[in-house]
Asks: 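Let me give you the structure first, and then I'll get to my questions.
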Amino acid sequence: MPELPEVETVVKSLAATCQGLTATEIKFYRKDIREPIPIPQFRKALLKQAVVSVERRSKYIIMNTKTGSAIFHLGMSGQLLALKSKKPQFKHTHLVMTFTGEAQNIYLHFVDPRRFGRISAHLGEAWEQHPFFGQLGCEPLEQRSLGTYLWNYGKKSNRPIKSLLMDSKVVVGIGNIYACESLFLAGVHPERSAASLSPKDYQAIAAAAKKTLRLAIKAGGTSIKDFKSMEGKSGYFAISLNVYGRSDESCNICGNSIGHIKQSGRSTWFCGLCQK
DNA sequence: CGTATCTCCTGCAAGC
DNA sequence: TGCTTGCAGGAGATAC
């Protein structure tokens, strides 16, 4: 599942690959994935004009031209692959964009078996106005005093801390893996109510989240499961997981057995001794 | 209003 | 071996 660090990696590759190139052909193989794709707007935003820049907000990928922006979300099984062939190479290829360069064409394939991804577009300069971005919380790596920011939300909330961390209206980009791993590093039990935690706990959680995200970005994305780079290479498994998916294995710190529970329908792993 | 639960989808793995 | 079942997950929709 591409999480924030993986998306950051894709954005960098896309910028290196497509910036300055012009999409000369756009072929959709579906008119919807999670929701209908605004195909005319997408074409209008991208076709026949140079890509000026590629950005990330939350886990969205934004490709800008002079007239607008193409917007992608990889969901949990999505990939953007730069291939040498125009022909779909995989069963669930939903979109192929032909980018014309001086040397050779680049074919950007959007592949997403589980169709949890999104494709949209915004015309005009301010893509921030697109509905996708209206409700989003802060960027964890850009927020000054993330700990204080989180505490301000958490101090008046009885939700479990893990649910707060995964709420994109509060802070974006912290999916299940990073929530579990950050809470482990911070020594905080995932079921603790947000209001029961001290400012110091929040500083520890914020530091752990930033550290894990930064490490993963530096490593080119963690690629825990389905993630592949734009060249189709599997990831580097650079981040060793302390708790995620490690049911009944022993804790790297204390040797205690890693616990597995469900929180609002999502799996949570933790060490009952290291996390209080 | 805040919070919890349901929903979308396919591929894979476990269990019988 | 071939079936069924459960699970993975972001985030919008819906329900309380």
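Residue numbers begin at 1 in each chain, while the letters A, B, ... track the order of the sequences.
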Asks: Return the value, rounded to whole Å, for the distance between atom CG of A/L74 and atom P of C/dG10.
Replies: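 Nearest whole value for this atom pair: 13 Å.
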
Asks: Hey, do the aromatic rings of A/Y60 and A/F133 have their centres closer than 6.0 Å?
Replies: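 Yes - the distance between ring centres of A/Y60 and A/F133 falls below the 6.0 Å cut-off.
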
Asks: Just the rounded figure in Å: distance from C1' of C/dG10 to CD1 of A/I33.
Replies: 13 Å

Asks: Give the rounded distance in Å between these two atoms: CE of A/M76 and C1' of B/dG11.
Replies: 10 Å

Asks: Side chain of A/R118, base of C/dA11: donor and acceptor closer than 3.5 Å?
Replies: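 When only heavy-atom distances are counted, A/R118 does not reach the base of C/dA11 through any donor-acceptor pair under 3.5 Å.
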
Asks: Is A/K211 atom NZ crowded by more than 12 heavy atoms from other residues, nucleotides or ligands, each under 6.0 Å away?
Replies: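 Atom NZ in A/K211 is not crowded, with 12 or fewer foreign heavy atoms closer than 6.0 Å.
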
Asks: Out of C/dA8, C/dG12, B/dT10, which has the shortest distance to the side chain of A/P113?
Replies: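 For A/P113, the side-chain atoms sit closest to B/dT10.
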
Asks: State which residues pass salt bridge (Lys or Arg N to Asp or Glu O under 4.0 Å) with A/R214; sequence neighbours excluded, sorted by chain then number.
Replies: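 Partners of A/R214 under the salt bridge (Lys or Arg N to Asp or Glu O under 4.0 Å) test: none.
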
Asks: Which of these nucleotides, C/dA11, C/dG10, C/dA8, is closest to any side-chain atom of A/S58?
Replies: C/dA11

Asks: Which of these nucleotides, C/dG10, B/dT10, C/dA8, is closest to any side-chain atom of A/H260?
Replies: C/dA8

Asks: Nearest whole Å is fine: how far is C/dG12 P from A/E35 CD?
Replies: 9 Å

Asks: Among B/dA4, C/dA11, B/dT10, which nucleotide has an atom closest to any side-chain atom of A/P160?
Replies: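 Nearest to the side chain of A/P160 among the choices is B/dA4.
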
Asks: So what does A/R266 hit on the nucleic acid, given a heavy-atom distance under 4.0 Å: a base, only sugar-phosphate, or nothing?
Replies: base

Asks: Determine the contact category for A/D167: base if any of its heavy atoms lies under 4.0 Å from a base atom, sugar-phosphate if only primed atoms, P, OP1 or OP2 are that close, otherwise nothing.
Replies: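 The answer is nothing, as A/D167 stays clear of every strand by at least 4.0 Å.
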
Asks: So, are A/E125 and A/K66 salt-bridged, with charged N and O less than 4.0 Å apart?
Replies: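 No.
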
Asks: Are A/F184 and A/W269 in one and the same hydrophobic cluster, where Ile, Leu, Val, Met, Phe, Trp and Tyr link if side-chain heavy atoms are under 4.5 Å apart?
Replies: yes

Asks: For the side chain of A/S163, starting at C-beta, report the closest nucleotide among B/dC8, C/dA11, B/dA4.
Replies: B/dA4

Asks: Which nucleotide in the set C/dA11, C/dG10, B/dT10 lies at the smallest distance from any side-chain heavy atom of A/S168?
Replies: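 That would be C/dA11.
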
Asks: Taking CZ from A/F132 and C1' from C/dG12, how many angstroms apart are they, rounded to a whole number?
Replies: 10 Å

Asks: To the side chain of A/R159, which of B/dT10, C/dG10, B/dA4 is closest?
Replies: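 The answer is B/dA4.
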
Asks: Can you check the A/L165 CG to C/dA11 C1' distance for me, whole Å?
Replies: 16 Å

Asks: To the nearest Å, give me how far apart CD (A/E191) and P (B/dA4) are.
Replies: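 Distance, rounded to whole Å: 12 Å.
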
Asks: Determine whether the aromatic ring centres of residues A/F90 and A/H109 are separated by less than 6.0 angstrom.
Replies: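 Distance test on ring centres: not under 6.0 Å, no.
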
Asks: Looking across every strand, which nucleic acid part, if any, lies under 4.0 Å from A/R34 by heavy atom: base, sugar-phosphate, or nothing?
Replies: base

Asks: What's A/G175 touching, base or sugar-phosphate or nothing? Going by heavy atoms closer than 4.0 Å.
Replies: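 The residue A/G175 makes sugar-phosphate contact but no base contact.
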
Asks: Send over the distance from A/K169 NZ to C/dA13 C1', rounded to a whole Å.
Replies: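 It works out to 10 Å between those atoms.
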
Asks: Is the phosphate of C/dA8, meaning OP1 or OP2, less than 4.0 Å from a side-chain N or O of A/S267?
Replies: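 The answer is yes; a side-chain N or O of A/S267 sits under 4.0 Å from OP1 or OP2.
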
Asks: Could you please name the option among C/dA8, B/dT10, B/dT3 that lies closest to any side-chain atom of A/K262?
Replies: C/dA8

